[in-house]
Amino acid sequence: EDKVVQSPLSLVVHEGDTVTLNCSYEVTNFRSLLWYKQEKKAPTFLFMLTSSGIEKKSGRLSSILDKKELFSILNITATQTGDSAVYLCAVANAGGTSYGKLTFGQGTILTVHP
Amino acid sequence: DTAVSQTPKYLVTQMGNDKSIKCEQNLGHDTMYWYKQDSKKFLKIMFSYNNKELIINETVPNRFSPKSPDKAHLNLHINSLELGDSAVYFCASSQRRTGGYSGNTIYFGEGSWLTVV
């Protein structure tokens, strides 16, 4: 069975800190790894990673994938209170009967205090 | 305009009742999903439809029956509701691309909070 494990489960920091969120996975027919941010409602897309070693960046957020070691990290620098959310990691299957299936990790709850 | 919309947003109902959650997407996508998020925030896929055809059916009790009248709609009907069905149900959609699935096209609805009492 496909599996995605995130760590830590929760993290409390102060504004300005840098955080690293971890995601490891075991999945057949790997296609891509995705990061989502979930505040109170719908998960919103952050990054999709398909190739090892290529960093994706968006403002203060960046992410990288290691397909050999089967993990990804999400970095957030100079954290702000608005970064407080649950960060979800998910792995997508390549196709066949698992087409489009995302297997999610349990999420990391990030709390940023002023 | 909301891309993926679900109704109702909140639903409180008694055990044993039958209820439905509706979902519509206006993105022109050909694939729709139902995900369940439990109290521990674990998001898990339940069903996926591509062009009205069921393609993913995870281990979900038979009491849950999805229906896709057309590719813009995917409804979820739940019979004989149980306490353990209390969760947030997310509808989502994506467009199948040539060469396979592309994850960044998955759009989630805002969720339907179901509480069974």
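Each chain gets a letter, A, B and so on, in the order the sequences are listed, and its residues count up from 1.
Of all the heavy atoms in B:Gly109 and A:Ala42, the pair that sits closest is O-CB, 2.9 Å. For the pair A:Phe104 and B:Phe42, the tightest heavy-atom approach, listed with the atom from each and the gap, is O-CE2, 3.1 Å.
Following chains of ILVMFWY side-chain contacts shorter than 4.5 Å, one cannot reach B:Tyr10 starting from B:Val116, and the two form parts of different hydrophobic clusters. In this structure, B:Leu54 is a member of the same hydrophobic cluster as B:Met46, with clusters built from ILVMFWY side-chain heavy atoms closer than 4.5 Å. By the criterion of side-chain heavy atoms lying less than 4.5 angstrom apart, applied directly or through intervening Ile, Leu, Val, Met, Phe, Trp or Tyr residues, B:Val60 is not grouped with B:Ile56; the two fall into different hydrophobic clusters. Side-chain heavy atoms closer than 4.5 Å link hydrophobic residues (I, L, V, M, F, W, Y) into clusters, and following such links, possibly through other members, connects A:Phe45 to B:Val88. One hydrophobic cluster, built from ILVMFWY side chains closer than 4.5 Å, holds both B:Leu74 and B:Leu114.
At least one donor-acceptor pair closer than 3.5 Å links the side chain of B:Tyr35 to the backbone N or O of A:Leu102.
For a residue to count as touching a neighbouring chain, one of its non-hydrogen atoms must lie under 4.5 Å from one of that chain's; by this rule A:Leu88 touches chain B with the side chain only.
Looking only at side-chain heavy atoms (C-beta outward), B:Phe90 and A:Gln38 come within less than 4.5 Å of each other. The shortest side-chain heavy-atom distance between A:Tyr36 and B:Ile106 falls under the 4.5 Å cut-off.
The distance from the NZ atom of A:Lys41 to the NZ atom of B:Lys9 is 6.0 Å, given to the nearest 0.5 Å.
Contacts of A:Tyr25 classified as ring pair (Phe, Tyr, Trp, His ring centres under 6.0 Å), with partners at least two apart in sequence or in another chain: A:Phe30.
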